[in-house]
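Owing to the predicted nature of the structure, the values given are computational and were not obtained by experimental measurement.
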Amino acid sequence: MKLTNSEIIQESEKEFIDTINAELDWEAIEKLLLEKHGFTLQDEIDYKDGDLVVYNNKIAYKFDFEIKVPLSVIFNRQGECLKMSTLRDDFEDENENDLSQKKDTLTPINPEQQNDTVAQMASNIASMISEINHGDD
């Protein structure tokens with residue numbers, strides 16, 4: 001026996017989730033991403049879905065977003081990677097003169113280091129996405 005219309009329940013749940021989403025503190029989220037994963041966010045953050053979930057036997061809220069993360073890469077004329085950063089500010093202060101003065105001090109990353117760097121960045125991205133999807137414990 002139905003006690004109410006299921007469409008009304010679903011609409012109310014959606015409104016509730018939308019209300020929570022509208023009140024998210026993006027400055028706090030960005031601070032967590034920077035502290036825990038060394039990432040800064042671009043302006044465009046796409047909200048995909050939100051829901052009530054059970055997490056560690058407690059009611060929780062899950063929000064799914066797609067985010068853009070800046071990636072800056074410096075490589076030399078031989079194509080060897082010199083530096084990678086997900087913090088765009090790392091490169092903003094370096095202009096042409098700075099780079100030409102530093103060219104003798106920059107050493108290429110060897111392929112093994114480059115693979116480790118890429119693997120670490122992939123791990124950081126996976127951790128960040130998992131944290132966003134699952135929230136803090």
OG1 on Thr19 to NZ on Lys14, rounded to 0.5 Å: 10.0 Å
Side-chain touch Asn21/Tyr47, heavy atoms, less than 4.5 angstrom: yes
Over all atoms of both residues, closest heavy-atom pair of Ala60 and Tyr55: CB-CB, 3.9 Å
Side-chain donor or acceptor of Asn56 paired with backbone N/O of Lys58 under 3.5 Å: no
Side-chain heavy-atom pair Asp49, Phe65 within 4.5 angstrom cut-off: no
Close side-chain approach of Ile17 to Asp51, heavy-atom, < 4.5 Å: no
Note, Tyr61 side chain near Leu52 side chain (heavy atom, < 4.5 Å): yes
same_hphob_cluster(Ile20, Ile45) at 4.5 Å side-chain heavy-atom cutoff: yes
Spacing of Glu80 atom CD and Ile74 atom CD1 [to the nearest 0.5 Å]: 14.0 Å
Interatomic spacing from NZ in Lys31 to CD1 in Ile29 - rounded to 0.5 Å: 13.5 Å
